[in-house]
Amino acid sequence: MLHIVLDLHAGGLERVVADLMRRVDPARFDNHVLALRFLGRNAQGLGPTARLHVADPLPPWTMLWPQPLMRQIREIAPDVVHTHSGVWYKASLAARWAGARRLIHTDHGRPYPDPWTARLLDRLAALRTDVIVAVSEALARQLATAVAADPSRIVVVPNGVDVARFRSGLHDSGLHRALGLDPAAPIIGSVGRLDPVKAYDVMLDAFARLRGEWRVGPAPVLVVVGDGPEGARLAGLVEAHRLQGAAHMLGWRDDIERVLPSFDVFSLASRSEGTSVSLLEAMSAGVCPVVTEVGGNRAVLGGELAHRLVPSGDAQALADAWLVALQDRERRCADGQAARRRVVERFSLDAMIRAYERLYLGESGADLATG
């Protein structure tokens with residue numbers, strides 16, 4: 001069983017792969033991970049459950065003839081190759097030419113905008129892929145329209161999270177004290193990769209508007225956990241909006257389960273999503289969500305929490321939704337409890353693991369849907 005990824009550094013995709021390594025049945029699956037760039041943070045602790053590999057250098061010509069990657073795949077000799085977003089075209093080509101008998105690909109979410117060149121390469125990769133996994137129904141529809149010539153190969157396996165690790169009632173990490181905040185100051189929190197698709201620029205705009213409208217009690221603060229290529233630009237926007245001391249960019253944290261209980265609201269301003277792992281973790285921890293209506297977010301929240309969805313790209317709508325949530329503690333807490341129930345019932349890690357195991361053992365998408 002070989003997973004091929006760009007890396008295991010930071011993000012929902014990387015956490016999903018790490019969870020698969022830790023949780024699939026070791027009696028049935030011999031796990032390998034091959035990273036095309038480097039391993040990264042989420043590879044830590046995987047040694048007992050998976051053999052980790054880093055690809056040899058892959059110069060541009062390997063898009064046509066991925067010989068170094070083919071050689072490594074042949075050395076590992078997997079029965080099943082599972083590729084993930086970012087490597088589909090090259091990894092699927094190498095896997096087929098290396099003789100892999102079964103090829104599964106998971107699309108964890110499309111970029112925004114989704115360039116035609118990426119769609120073209122993915123269309124070609126889809127032709128040689130046995131099963132295409134979408135992490136949400138919305139993403140499955142997008143793939144059927146733009147990528148997969150044979151939509152019958154698409155199956156939906158929503159991401160799942162460890163509901164025992166991410167649960168309500170944990171003592172928080174002392175975030176108010178650590179940041180020197182008024183203990184009564186409400187915290188709007190977000191966890192994500194600092195990437196343009198996550199629209200943290202819109203979030204900062206919305207937060208500046210909320211602060212300008214706030215009239216009663218200590219003003220809210222914004223806490224963003226994560227790192228990525230947009231870090232420097234977002235730090236500049238914090239200054240441009242004069243949010244120093246109010247917007248806190250914490251970088252990477254290994255103790256997310258202890259940070260989440262400090263949040264009064266969890267928020268995403270994303271322009272595109274698959275099924276957000278950070279959203280599932282926050283909801284599992286009993287935090288009220290306020291997120292954009294993109295990708296799988298509506299399916300994650302369900303009907304009971306649909307009033308917490310806002311349009312993508314609308315900073316004022318996001319600010320207004322935060323204001324409503326923060327001013328009604330009783331409703332906010334009730335929605336946090338509903339969020340926890342929703343994840344336990346529909347998005348558990350165990351359910352995700354069992355679904356992937358069945359695919360690895362040869363079941364089709366149709367079998368999975370009816371099983």
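Position 1 is the first residue of the sequence, and the numbers go up from there.
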J.: For residues 7-62, which residue pairs pass the ring-ring contact (aromatic ring centres under 6.0 Å, His included) check, not counting sequence neighbours?
T.: H9-F38, F29-Y360, H32-H53
J.: Please evaluate residues S190 and L268 with respect to the criterion side-chain contact (heavy atoms from CB on, under 4.5 Å), reporting the C-alpha separation (whole Å), side-chain torsions for both, the decisive distance (0.1 Å), and the verdict.
T.: CA-CA 6 Å; S190 186; L268 294 173; 3.9 Å; yes
J.: How about R22 and L46: do any of their side-chain heavy atoms sit closer than 4.5 Å?
T.: yes
J.: So, do H241 and F207 have ring centers that fall under 6.0 Å from each other?
T.: no
J.: Only counting residues at least two apart or in another chain, list the ones meeting ring pair (Phe, Tyr, Trp, His ring centres under 6.0 Å) with H248.
T.: none
J.: When clusters are formed by joining ILVMFWY residues with side-chain heavy atoms under 4.5 Å apart, either directly or through shared neighbours, do L6 and V277 land in the same one?
T.: no
J.: Checking Q72 side chain against V54 main chain: does a donor-acceptor pair fall under 3.5 Å?
T.: yes
J.: Tell me every residue that passes salt bridge (charged side-chain N to carboxylate O under 4.0 Å, His left out) with R71, counting only those two or more places apart in sequence or in another chain.
T.: D56
J.: For side-chain contact (heavy atoms from CB on, under 4.5 Å), just list the numbers for L222 and L243, CA-CA rounded to whole Å, side-chain angles, deciding distance to a tenth of an Å, and then say yes or no.
T.: CA-CA 9 Å; L222 176 67; L243 293 173; over 6 Å; no
J.: Consider only side-chain heavy atoms of I, L, V, M, F, W and Y, link residues closer than 4.5 Å, and tell whether L309 and V197 are in one cluster.
T.: no
J.: Which residue pairs satisfy the ring-ring contact (aromatic ring centres under 6.0 Å, His included) criterion with at least one member in residues 94-127, sequence neighbours excluded?
T.: W65-W97, H84-H108, W88-H105
J.: Could you go step by step and tell me if S92 and L103 meet the side-chain contact (heavy atoms from CB on, under 4.5 Å) rule?
T.: CA-CA 7 Å; S92 64; L103 181 57; 3.5 Å; yes
J.: Applying ring-ring contact (aromatic ring centres under 6.0 Å, His included), which residue pairs with at least one partner in residues 135-155 are found, sequence neighbours left out?
T.: none
J.: Nearest 0.5 Å, what's the CD1-CD1 distance between I4 and I76?
T.: 7.5 Å
J.: Looking only at heavy atoms, which two atoms of A317 and V310 are closest? And how far apart?
T.: O-CG1, 3.9 Å
J.: Counting neighbours of CZ on R233 that are heavy atoms of other residues, nucleotides or ligands and sit closer than 6.0 Å, is the number greater than 12?
T.: yes
J.: Is the shortest side-chain heavy-atom distance between L39 and D7 below 4.5 Å?
T.: no
J.: Could you tell me whether the side chain of R215 and the main chain of G212 form a donor-acceptor pair under 3.5 Å?
T.: yes
J.: Taking R28 first and then D25, would you say they form a salt bridge - that is, a charged N and a carboxylate O separated by under 4.0 Å?
T.: yes
J.: Is there a path of hydrophobic side-chain contacts, each under 4.5 Å between heavy atoms of I, L, V, M, F, W or Y residues, that connects V87 with Y89?
T.: no
J.: Is the backbone of L326 close enough, under 3.5 Å, to the side chain of R332 for a donor and an acceptor to pair up by distance?
T.: yes
J.: Atom CD in E230, atom CG in D201: separation rounded to 0.5 Å?
T.: 6.5 Å
J.: For A100, what residues pass the side chain to side chain contact (heavy atoms under 4.5 Å, CB included) criterion, not counting sequence neighbours?
T.: V81, A95
J.: Are S348 and V161 close enough that some pair of their side-chain heavy atoms sits under 4.5 Å apart?
T.: no
J.: Name each donor-acceptor pair under 3.5 Å that joins a side chain in residues 10-21 to protein atoms two or more places apart or in another chain, with its distance.
T.:
{"unit_1": "E14", "atom_1": "OE1", "unit_2": "G11", "atom_2": "N", "d": "3.4"}
{"unit_1": "R15", "atom_1": "NE", "unit_2": "E281", "atom_2": "OE2", "d": "3.2"}
{"unit_1": "R15", "atom_1": "NH2", "unit_2": "E281", "atom_2": "OE1", "d": "3.2"}

J.: Give every residue pair that meets the salt bridge (Lys or Arg N to Asp or Glu O under 4.0 Å) criterion with at least one member in residues 72-94, sequence neighbours excluded.
T.: D79-R101
J.: List the residues meeting salt bridge (charged side-chain N to carboxylate O under 4.0 Å, His left out) with D150, not counting sequence neighbours, and say none if there are none.
T.: R153
J.: Can you confirm whether R308 sits close enough to V324 that some side-chain heavy atom of one is under 4.5 Å from a side-chain heavy atom of the other?
T.: yes
J.: Got a donor-acceptor contact below 3.5 angstrom from the T129 side chain to the I104 backbone?
T.: no
J.: Can we say D335 and R342 salt-bridge, meaning some charged N sits less than 4.0 Å from an Asp/Glu carboxylate O?
T.: no
J.: Could you check whether R167 and S284, counting side-chain N and O atoms only, form a donor-acceptor pair closer than 3.5 Å?
T.: no
J.: When you compare the side chain of L279 with that of F266, does any pair of heavy atoms fall below 4.5 Å?
T.: yes
J.: May I have all residue pairs that pass salt bridge (Lys or Arg N to Asp or Glu O under 4.0 Å) and include part of residues 125-135, sequence neighbours excluded?
T.: R96-D130
J.: Closest approach of V265 and A325, non-hydrogen atoms and distance?
T.: CG2-CB, 3.9 Å
J.: Using a strict threshold of under 4.0 Å (side-chain N to carboxylate O), is an ion pair present between R23 and D350?
T.: yes
J.: Check whether any side-chain heavy atom of V202 sits under 4.5 Å from a side-chain heavy atom of D314, and report yes or no.
T.: no
J.: Sequence neighbours left out, what pairs pass salt bridge (Lys or Arg N to Asp or Glu O under 4.0 Å) with at least one residue falling in residues 133-145?
T.: none
J.: Testing V191, V287, L318 for side-chain contact (heavy atoms from CB on, under 4.5 Å) with S267, which one passes?
T.: L318
J.: Only pairs at least two apart or in different chains count here, so list each side chain to side chain donor-acceptor pair (under 3.5 Å) that has a residue in residues 286-295.
T.: E293-R298
J.: Is a side-chain N or O of D264 found less than 3.5 angstrom from the main chain of I187, in a donor-acceptor match?
T.: yes
J.: Closest approach of L210 and W322, non-hydrogen atoms and distance?
T.: CD2-CE3, 3.8 Å
J.: So which heavy atom on P289 is nearest to which on A339, and how close?
T.: CD-CB, 4.3 Å
J.: Between V344 and V300, is there a shared hydrophobic cluster once you connect ILVMFWY residues whose side-chain heavy atoms come closer than 4.5 Å?
T.: yes
J.: Please determine if D254 and R41 form a salt bridge, counting it only when a charged side-chain N lies under 4.0 Å from a carboxylate O.
T.: no
J.: In terms of side-chain geometry, is the basic nitrogen of K198 or E273 positioned less than 4.0 Å from the acidic oxygen of its partner?
T.: yes
J.: Between the side chains of R110 and Q142, does any donor sit under 3.5 Å from an acceptor?
T.: no
J.: Is there a donor-acceptor contact under 3.5 Å from the side chain of R102 to the main chain of L359?
T.: yes
J.: Would the distance check show the side chain of R211 and the main-chain N or O of P220 forming a donor-acceptor pair, the cut-off being under 3.5 Å?
T.: yes
J.: Taking the side chain as everything from C-beta on, heavy atoms only, tell me whether F347 gets closer than 4.5 Å to N159.
T.: no
J.: Check L305 against L301 and note the closest heavy-atom contact, atom names and distance.
T.: O-CD2, 3.3 Å
J.: Looking at D114, is its backbone amide N or carbonyl O close enough to the side chain of R119 to form a donor-acceptor pair, meaning the two atoms are under 3.5 Å apart?
T.: yes
J.: Do D195 and Y200 come within less than 4.5 Å of each other through their side chains, counting heavy atoms only?
T.: no
J.: Taking 4.0 angstrom as the limit, do R209 and D320 come out as a salt bridge?
T.: no
J.: Which is it for V135 and T106 under the side-chain contact (heavy atoms from CB on, under 4.5 Å) test, yes or no, and what are the steps along the way?
T.: CA-CA 7 Å; V135 298; T106 296; 3.8 Å; yes
J.: How far apart are the closest heavy atoms of L194 and G226, and which atoms are they?
T.: CD1-O, 3.6 Å
